[in-house]
Amino acid sequence: MSGQPTSTRRRLRFGALEILAVGAVVLVVAQPHLVSMFDNPALQTAATVFVSIIVQALPFLVVGVLLSAAIAAFVPKSFWQRALPANRVVAVPVAGAAGLLLPGCECASVPVAGSLMARGVTPAAALAFLLSAPAINPIVLVSTFVAFPGQPQMVLARLVASFATAVFMGWLWLRFGRAKWLRMPERTHLEGSTPFHTFRLTASHDFLHAGGFLVVGGLAAAAMNVAMPSEWMEAISGNPVLAVLGLALLAVILSICSEADAFVAASFTSFSLTARLAFLVVGPMIDLKLMSMQAGIFGRAFAVRFAPTTFVVAVAVSSLVGWWLLS
Amino acid sequence: MTREIQSIILLLVGIATLRISWGTTYLNYVKESMRPWLLVSGVILVVLGAWLLIDAMRARPEAGASDDEPETPTEGADDGHAHSGPRAAWLLLIPVLTIFLVAPPALGAYSASRDTTNSIATDRSMAPLPPGDPVTLYLSDYVTRAVWDGGRTLIGRSVSLTGFVLAQPDGSWLLARMQLNCCAADAFASKVRPVNIPSDAGLLPEGTWVTLTGTWIPSEGVGTEETIPLVDVAGLVVIEKPTNPYD
């Protein structure tokens, strides 16, 4: 809000700090009223679910932004040119496979992928990494193994389907993606005077940015969690096509952390294994909180194209892999 | 958004995280194993916020000079980037305020009544119950043993079960408890139906926490995922809400 500084404006200027201060006073005064508003059990449940999504995601987000800040501050740009094959078609699966190494959930991979792009990694490769890292890392595979006792093929199917979807999406971006859709993360103002200065500027910025969008996604997921009648689920489990689509859509709505989703998937026992695979492949790649975070970090033009395409590709690939490995 | 505001939001999120994980409030939202991670995250956020605040204070043109105008350039180190902070950061105040002002309680009767699946089918063989008379069991463990193993491991044992009262439309009540896989977003309920409730137990309002001692009795029909097993009540004690409200 830059304008002509006039003497009147100088006197009446209300900055963010004042808003924060006045807001705090109003809220403290209104607190008893606020609490009684939350007497409604549905609203209370939604509030609990919302806070729990944020609390559960927070440590992963912190790890993610520390990692992305470390990439920005301490890893020279030339490293990525040497680490990734120059041929971009080959770089995509290599970056996808690197996802095996980041033990985190999807909240961590959004800032890391943004940081990789800002450091000159080709967007297609960074996107393959973004999609594969939360789905195929060791913690997720182990928890899938534990959640599906006696069905180790589920682990293999999850690995194959998630990796294939990530690589396919990377290649799709190479072939059809337009640079103008992607708002490259603007980071020049985060260059500090020393690497440690850059580190703390980037970490703070990325946390506040990605965290804000995590809140939007968490609110949406909590509202849907409470508003959705549980009978719908039972109604669709009998139809093989609806079952796959239904669980894929549920993965988008529930926005569960990828390290726990296998246990949830295992509980949908009335659904086919293929439908549950779709839940496990879609969830870490695209859900309400991720859509919100991707729109925030990479721009809306990117998110409105990338999110639905990822959903379609992930559902198609899991159906194929399920038919191949799980039947 | 100025660096000061950014640092205040970081500090608030960090303090809120520490506040819930220092005591036992975090158990309303996530599993116990998350605690060290929450504590570390809280400390990191507080350190980042404090560091940013010190940066901003150092960058002030005249430290200590009385400066009543909040929007004077305080970003000296990075001229012209006073508003470089992400606007979305304001949204982080929503969970902070929810934690401090509303303090959402653990999931209870409302969630339990919406969950129609009571236990997941399993063909896992059940280990014998540990020693103890009565033996304290998780409600979910009792349900699985009763529904999917025909109560084989429960025969002849006195069990102690803890949960909350879930009122039924017919005036009776079930003993219920929520369980988490990861966080409250994926919680599910376990329920048992107490029979022969002592008449002096009186009317228990929904949500009351109780510990039942009793024995398993077979219910009719074949076990399904909706089956609610029975427990023949020998004793009932009203208790305080447990520290960890989930199974």
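Labels below follow one simple rule: chain letters A, B, ... track the order of the sequence lines, proteins then strands, and each chain is numbered from 1.
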Hey, does the side chain of [X] reach the backbone of [Y] with a donor-acceptor pair shorter than 3.5 angstrom?
{"X": "B:T25", "Y": "B:S21", "answer": "no"}
{"X": "B:N118", "Y": "B:E226", "answer": "no"}
{"X": "B:Y138", "Y": "B:T162", "answer": "no"}
{"X": "B:R145", "Y": "B:A127", "answer": "yes"}
{"X": "B:S172", "Y": "B:Q168", "answer": "no"}
{"X": "B:E206", "Y": "B:L166", "answer": "no"}

(message) The criterion is salt bridge (Lys or Arg N to Asp or Glu O under 4.0 Å); which residues satisfy it with B:R152, sequence neighbours excluded?
(response)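 For B:R152, the residues satisfying salt bridge (Lys or Arg N to Asp or Glu O under 4.0 Å) (neighbours in sequence not counted) are B:D149.
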(message) Can you confirm whether more than 12 heavy atoms, excluding those of A:F145, are under 6.0 Å from its CZ atom?
(response) no
For [X], which atoms come within 4.5 Å of any heavy atom of chain A: side chain, backbone, both, or neither?
{"X": "B:L180", "value": "neither"}
{"X": "B:Y29", "value": "both"}
{"X": "B:L107", "value": "both"}
{"X": "B:V40", "value": "neither"}

Top contributor to chain A interface from [options] [non-hydrogen pairs under 4.5 Å]:
{"options": "B:G49, B:A88, B:A103", "value": "B:A88"}
{"options": "B:L97, B:V30, B:L92, B:N28", "value": "B:L92"}
{"options": "B:L52, B:I9, B:L45, B:T17", "value": "B:L45"}
{"options": "B:S7, B:A16, B:P104", "value": "B:P104"}

Give, as side chain, backbone, both or neither, the part of [X] having an atom under 4.5 angstrom from any heavy atom of chain B.
{"X": "A:L61", "value": "neither"}
{"X": "A:L214", "value": "neither"}
{"X": "A:A42", "value": "both"}

Would you mind telling me which of [options] has the largest number of heavy-atom pairs within less than 4.5 Å of chain B?
{"options": "A:I53, A:V226, A:I54", "value": "A:V226"}
{"options": "A:G212, A:S52, A:G211", "value": "A:S52"}
{"options": "A:V49, A:V55, A:V216, A:L43", "value": "A:V55"}

(request) Return each pair, listed once, that meets ring-ring contact (aromatic ring centres under 6.0 Å, His included) where at least one residue sits in residues 206-228 of chain A; pairs must be two or more places apart or across chains. (result)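 Output for this query lists A:H205-A:H209, A:H209-A:F213.
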